[in-house]
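I have placed the structure first, in the form of C-alpha cells, so that the comments after it can refer back to it.
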Protein chains: 2
Amino acid sequence: MSFSRKTKTVKLILDLFENTSNALSVVELTDTFSKKMNKTTVYRILDRLEEAGELHSFTDKDGLKRYAKNFSKLKGLNEQANHPHFMCQDCGISSCLPIEVSAPSIPNYTINNSEHLYIGHCNECNN
Amino acid sequence: MSFSRKTKTVKLILDLFENTSNALSVVELTDTFSKKMNKTTVYRILDRLEEAGELHSFTDKDGLKRYAKNFSKLKGLNEQANHPHFMCQDCGISSCLPIEVSAPSIPNYTINNSEHLYIGHCNECNN
DNA sequence: ATTTTATTGCAACTGATTTGCATTAAGAAA
DNA sequence: TTTCTTAATGCAAATCAGTTGCAATAAAAT
Ligand SMILES: [Mn+2]
Ligand SMILES: [Mn+2]
Ligand SMILES: [Zn+2]
Ligand SMILES: [Zn+2]
C-alpha cells in the first residue's frame with residue numbers, strides 16, 4: 001500500500017475531502033492548511049491518497065491539478081466509469097459530474113483514457 | 001487585427017504550422033527555434049496568431065498549452081464545431097481529431113465551453 | 001529616406017511543483 | 001511501555017512554464 005501511516009496531516013486532508021465533493025487544487029489546500037502543514041506535505045499526501053485510490057485527479061483549464069474524492073464513493077457510480085468535470089467561470093468551483101462519458105473509437109488508434117472538462121456557470125452562479 | 005507585421009520570426013512559426021497538423025507546445029517550439037528566436041518571442045507570436053484566428057490552443061494532460069493550426073483550415077470542418085484532442089502516451093505527439101463532440105446539458109448549469117482530451121496510442125505507435 | 005510604433009531580445013520575476021536532506025513521529029517489535 | 005525502524009514531514013533550494021519591463025530593432029507607412 002502506498003500510504004500506511006495515518007498522520008495528523010493525512011487526517012486533516014482526508015477530513016476535508018469527506019466534507020466536500022468539490023475538486024480542489026493544491027493551491028487551495030495549501031492555503032487552507034497554511035498553518036497546519038507545509039505545502040510540500042500537501043503535495044505528497046495528495047499523491048499518496050491518489051495512489052491509494054482515495055482520491056482521483058485531473059488537470060483543469062489553467063493547468064492546475066485538481067483532486068476530488070474517489071467518484072465511486074461520491075455517487076455509488078461504477079468506479080471504472082469515466083466521468084466529466086465541471087468548472088464555474090464565475091465562482092471558480094470545480095466538481096465531478098455524475099454522468100458517464102465515453103470516448104469515440106478512432107481507426108488505428110487506441111484510446112486508454114479520456115478527460116472531459118466543461119466550463120460554464122454553476123447552479124449557484126446561474127440564477 | 002492583432003498581428004500586423006510579417007516578421008521573419010512570425011514567418012518561421014507560420015511555416016512550421018503549415019507543415020504539421022500536430023498540436024505543439026511552446027516548449028517544443030522554443031526548442032525547435034532556440035537558435036532563431038527568443039522563447040518570449042515564441043510565446044508572444046503564438047498569442048497573436050491565436051488572437052488572429054490562425055491557431056487555436058488547449059491545455060494538455062501535463063498542464064502544457066498546445067497550439068495547432070485552426071481546425072477549419074485543417075479539415076474543412078465547421079470552425080465553430082468543437083473537436084477533441086489526442087495525445088499519444090508513447091511518442092508524445094498530440095493532434096486534433098476530426099470529430100465533432102458535444103457537451104451534455106446539466107439541469108441548472110450552463111456550459112459554455114468543453115474540452116475533450118483522449119490519451120492512448122497513435123497509429124504509428126500502435127502497430 | 002524618414003518616421004512611427006509593432007515586435008523582439010534579454011534579464012529578472014512569478015507561481016506551481018519537485019527534490020535533497022536532516023528531523024520527527026507513526027506504529028511494529030521487544 | 002519503552003525501543004526501534006523507517007514512513008512522513010518541514011524547510012530551503014531548485015526546476016519549469018509562463019510573464020513582465022524596458023531598451024533596441026525593424027516592419028511598413030508616409
Ligand atoms: Mn472527478
Ligand atoms: Mn484542435
Ligand atoms: Zn459558480
Ligand atoms: Zn505515438
Side-chain angles (χ1 to χ4, degrees), chain A residues 1-17 22-68 85 87 92 94 115 117, chain B residues 1-17 22-68 85 87 92 94 115 117:
Chain A
M1 176 77 61
S2 51
F3 95 104
S4 38
R5 298 183 184 180
K6 286 254 169 24
T7 62
K8 53 186 68 168
T9 46
V10 167
K11 283 174 194 158
L12 280 171
I13 288 187
L14 236 25
D15 273 8
L16 179 58
F17 278 107
N22 286 344
L24 307 171
S25 67
V26 182
V27 178
E28 292 166 320
L29 287 166
T30 51
D31 190 57
T32 301
F33 293 122
S34 62
K35 301 293 183 297
K36 301 280 186 178
M37 69 189 83
N38 188 273
K39 67 173 175 171
T40 308
T41 304
V42 176
Y43 278 104
R44 294 196 270 225
I45 289 176
L46 292 173
D47 250 28
R48 277 179 278 138
L49 290 177
E50 182 169 29
E51 277 288 312
E54 294 288 319
L55 301 179
H56 70 286
S57 73
F58 65 95
T59 302
D60 75 13
K61 194 83 195 307
D62 303 321
L64 295 190
K65 196 168 183 180
R66 290 185 168 271
Y67 291 84
H85 295 107
M87 183 176 246
S94 177
E115 299 281 343
L117 181 60
Chain B
M1 177 77 60
S2 54
F3 95 103
S4 38
R5 296 183 184 180
K6 285 255 170 25
T7 63
K8 54 186 67 167
T9 46
V10 167
K11 283 175 194 157
L12 280 170
I13 288 187
L14 235 25
D15 273 8
L16 180 58
F17 278 106
N22 286 343
L24 307 171
S25 68
V26 182
V27 178
E28 292 167 319
L29 286 166
T30 51
D31 190 56
T32 302
F33 293 121
S34 61
K35 300 295 183 298
K36 301 283 186 176
M37 68 189 86
N38 189 273
K39 68 168 176 171
T40 308
T41 303
V42 177
Y43 279 105
R44 294 198 270 226
I45 289 176
L46 293 173
D47 250 28
R48 277 179 279 139
L49 290 177
E50 183 170 30
E51 277 288 310
E54 293 290 317
L55 302 178
H56 70 287
S57 72
F58 65 96
T59 303
D60 75 14
K61 193 88 197 304
D62 302 322
L64 295 190
K65 196 169 183 180
R66 289 186 170 271
Y67 291 84
H85 294 107
M87 183 176 246
S94 177
E115 298 282 344
L117 183 59

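Keep in mind it's a predicted model, so treat the numbers as computed, not measured. Order of the sequence lines fixes the chain letters, A, B, ..., with proteins taken first and strands second; residue numbering starts at 1 for each chain.
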note = Heavy-atom closest pair (B:Asn22 atom, B:Ala68 atom, distance to 0.1 Å) is O-CB, 3.8 Å
Got a list of protein N/O to nucleotides 22-26 of chain C N/O distances below 3.5 Å?
{"from": "C:dA26", "atom 1": "N3", "to": "A:Arg5", "atom 2": "NH1", "distance (Å)": "3.1"}

inquiry  = From CG of A:Asn38 over to P of C:dA16, roughly how many Å is that when rounded to an integer?
reply    = 15 Å
ask   = Can you list the residues that meet the side-chain hydrogen bond (donor to acceptor under 3.5 Å, both in side chains) rule with A:Ser57, with sequence neighbours excluded?
value = A:Glu50
key: Validation row: A:Lys65, A:Leu46 side chains within 4.5 angstrom (heavy atoms)   = no
task = Among residues two or more places apart or on two chains, list those pairs meeting salt bridge (Lys or Arg N to Asp or Glu O under 4.0 Å) that have a residue in residues 22-42 of chain B.
result = B:Glu28-B:Arg66
Qualifying residues under side-chain hydrogen bond (donor to acceptor under 3.5 Å, both in side chains), relative to A:Thr9, sequence neighbours excluded = A:Thr7
message = In whole Å, I'd like the distance from the NZ atom of B:Lys61 to the C1' atom of C:dT17.
response = 16 Å
inquiry  = List the residues meeting side-chain hydrogen bond (donor to acceptor under 3.5 Å, both in side chains) with A:Thr40, not counting sequence neighbours, and say none if there are none.
reply    = A:Asn38
Identify the pairs formed between an N or O of the protein and an N or O of nucleotides 1-3 of chain C at a distance under 3.5 Å, and give each distance.
none

message = Can you confirm whether A:Leu16 sits close enough to A:Phe33 that some side-chain heavy atom of one is under 4.5 Å from a side-chain heavy atom of the other?
response = yes
inquiry  = The criterion is salt bridge (Lys or Arg N to Asp or Glu O under 4.0 Å); which residues satisfy it with A:Lys61, sequence neighbours excluded?
reply    = B:Glu115
task = Please state how far atom CG in A:Leu29 lies from atom P in C:dA16, giving the value in whole angstrom units.
result = 13 Å
Where protein sits on nucleotides 17-23 of chain D, one letter per nucleotide: B base, S sugar-phosphate only, - none, heavy atoms under 4.0 Å = SBBBB--
remark   = In short, the helix from C:dA1-D:dT30 to C:dA30-D:dT1 is bent end to end, axes from five pairs each side, to 10°, by 30°
message = Just to verify, what does B:Phe58 make a ring pair (Phe, Tyr, Trp, His ring centres under 6.0 Å) with, not counting sequence neighbours?
response = B:His85
query = Where do B:Thr59 and A:Thr59 come nearest, in terms of heavy atoms and distance?
reply = CG2-CG2, 4.5 Å
